[in-house]
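Single-structure report; data block below.
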Amino acid sequence: MPVDQEPDTPLPASDAAPKPPGEEAFRLLVDAVQDYAIFLLGRDGQVLTWNPGAQRAKGYAASEIIGRHFSVFYTPEEREAGRPGQLLDRAAEEGRVEDEGWRVRKDGTRFWADVILTALRDANGTLYGFAKITRDLTERRQAEEQLRTLSIEQHARAAAEESLKVRDRFLSVASHELKTPVATLQLAAESLLRARELGRLDDARLETGLARILKSTGRLGALVSELLDVSLLSAERQHQEREATDVVALVREVAARFDDVMDGDSRIRVDAPPDAVVMADASRLDQVFTNLIDNALKYSPGNEPIEVHVTDEPELVTVSVADRGIGLDAATEARLFEAFSRGDNAAHVPGLGLGLFITQQIVERHGGRIEAQRGPGAVGSVFCVSLPKGAA
Amino acid sequence: MTTEGKRILVVEDDVTLRETLTEVFLDEGHEVRAAAHGSEALDHLDGWEPDLIVLDLMMPTMDAFAFRARQRELGVAADARTVVISAARDLGSAVEILEADSWIAKPFLLAEVVEVVDRLLASPEG
């Protein structure tokens, strides 16, 4: 206690107090803090000191709490789990421990607290007790939660709006695609009637007219079943039948089906290990390989071979389908998997532009990926499907 | 009134519809040429002046908008009437941009096509 203070240094008003100014100043500081509960715990966790910040946060007056064990601030669940003791042990061991969690006020209400426990040791390293600083973060947490909820809602709304937009675009393109074959069908039939009126309906005219009608009905039929496929796919999103499926057997089966149609003139070469099993909906995967091989055949005029490679990797099975056909230009590559998009260089190839869209949807439902690139030496194209072995 | 012996250029990417429209106009007694897209249509306009262009809106390689822009640039078939055929929904605004004389929405009846074409051919521009 300094008694030989310089005369010009004013003493605190309570100059009769026996404490040194340093200690007094510290007490004033702790007492002035309203936003933090700052207090000391004994070695066993009993409350030794109390400040107004602690009273404000926890609701106890100093006389009500000093001497009691600090576990009263914890929820019954945390007390049961031994959490208060664990925190003291860790603070003693590591010197300091920080914790965020629910704490209980005197009136039983809960608040979200950020707590720092610091072990206090004397010069010999003997544990004296703990300094505990607690901050009530309830408001901050509520604000954060509001933001989080808001952002989840915003995302959900944006996703719903996007899916509506996609559906609208889909319907608009679908109806557009339907109208051309309907127009042709209408006009071709009427043109036959008109030719009869004009006395020009010979066999040749009848034959070309009927061929146009059949072509249009074929196209309408194909479009309707592709549209059904797309709507079935979205209906299947909820439940999918997955079973152990041998991709190699499936690819060979699909290839054999095409070979049959082509009277045994085999253009499809399959290079594969004995087997490669994934968890999948086999009939959907069949559709994937059928679409890819069908595309490869359609887009490669002449008798160039189609090469199918199956690779069995530790986590994945990959299937690549390579053709030496008309290949991909940059614009086509960018829009390849969009619904109704077709290569600018593919006007002569029949089809509606839903095949690759459906293929991609199926692959992604299986947690897989599909990629397309130009073939080696910029000849033809290569489509590569990778499927994870476990169910996605 | 019916018109005959006029020159019609059909520009439509769907091969079946293109052929059928060609046949319909041939039945009506016109001279018809057909193109699968705008660029092919421009080839026809080199040295051949149609009275009417039947123009699909969306086509690969060169669509109706690009075709009309190029046609104006080159100053070819300047007197030809133009009718747009399309399945697009707001054909009106497309027709305005294209400065076309009329439009026919897909699908359509043969009688509609013949009626519109006859009307346009009977009232040459200017």
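A, B, ... follow the sequence lines: proteins, then strands. Residue 1 opens every chain.
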Intermediate values then yes/no, salt bridge (Lys or Arg N to Asp or Glu O under 4.0 Å), B:Arg119 and B:Glu115
CA-CA 6 Å; B:Arg119 183 163 48 79; B:Glu115 189 270 323; 3.5 Å; yes
Check: residues 42-54 of chain B side-chain donor-acceptor pairs under 3.5 Å, at least two apart:
{"unit_1": "B:His44", "atom_1": "NE2", "unit_2": "B:Ala34", "atom_2": "O", "d": "3.0"}
{"unit_1": "B:Trp48", "atom_1": "NE1", "unit_2": "B:Glu31", "atom_2": "OE2", "d": "3.0"}
{"unit_1": "B:Asp51", "atom_1": "OD2", "unit_2": "B:Arg7", "atom_2": "N", "d": "2.8"}

Side-chain donor-acceptor distances from residues 180-196 of chain A under 3.5 Å, at least two apart:
{"unit_1": "A:Thr180", "atom_1": "OG1", "unit_2": "B:Lys106", "atom_2": "NZ", "d": "3.1"}
{"unit_1": "A:Thr184", "atom_1": "OG1", "unit_2": "A:Thr180", "atom_2": "O", "d": "2.9"}
{"unit_1": "A:Glu190", "atom_1": "OE1", "unit_2": "B:Leu110", "atom_2": "N", "d": "2.4"}
{"unit_1": "A:Ser191", "atom_1": "OG", "unit_2": "A:Arg205", "atom_2": "NH2", "d": "3.0"}
{"unit_1": "A:Ser191", "atom_1": "OG", "unit_2": "B:Glu23", "atom_2": "OE1", "d": "3.1"}
{"unit_1": "A:Arg194", "atom_1": "NE", "unit_2": "B:Glu28", "atom_2": "OE2", "d": "2.8"}
{"unit_1": "A:Arg194", "atom_1": "NH1", "unit_2": "A:Glu197", "atom_2": "OE1", "d": "3.3"}
{"unit_1": "A:Arg194", "atom_1": "NH2", "unit_2": "B:Glu28", "atom_2": "OE1", "d": "3.4"}
{"unit_1": "A:Arg194", "atom_1": "NH2", "unit_2": "B:Glu28", "atom_2": "OE2", "d": "2.9"}

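Only the backbone of B:Leu26 comes within contact range of chain A, judged by heavy atoms closer than 4.5 Å. B:Asp27 touches chain A through backbone and side chain together, each having a heavy atom under 4.5 Å away. Looking at B:Ile85, there are no atoms closer than 4.5 Å to chain A (heavy atoms on both sides), in backbone or side chain.
For the options B:Met59, B:Glu19, B:Met58, heavy-atom pairs under 4.5 Å to chain A are most numerous at B:Glu19.
Under the 3.5 Å distance criterion, with hydrogens and angles disregarded, a donor-acceptor pair is assigned to the side chains of B:Arg68 and B:Gln71.
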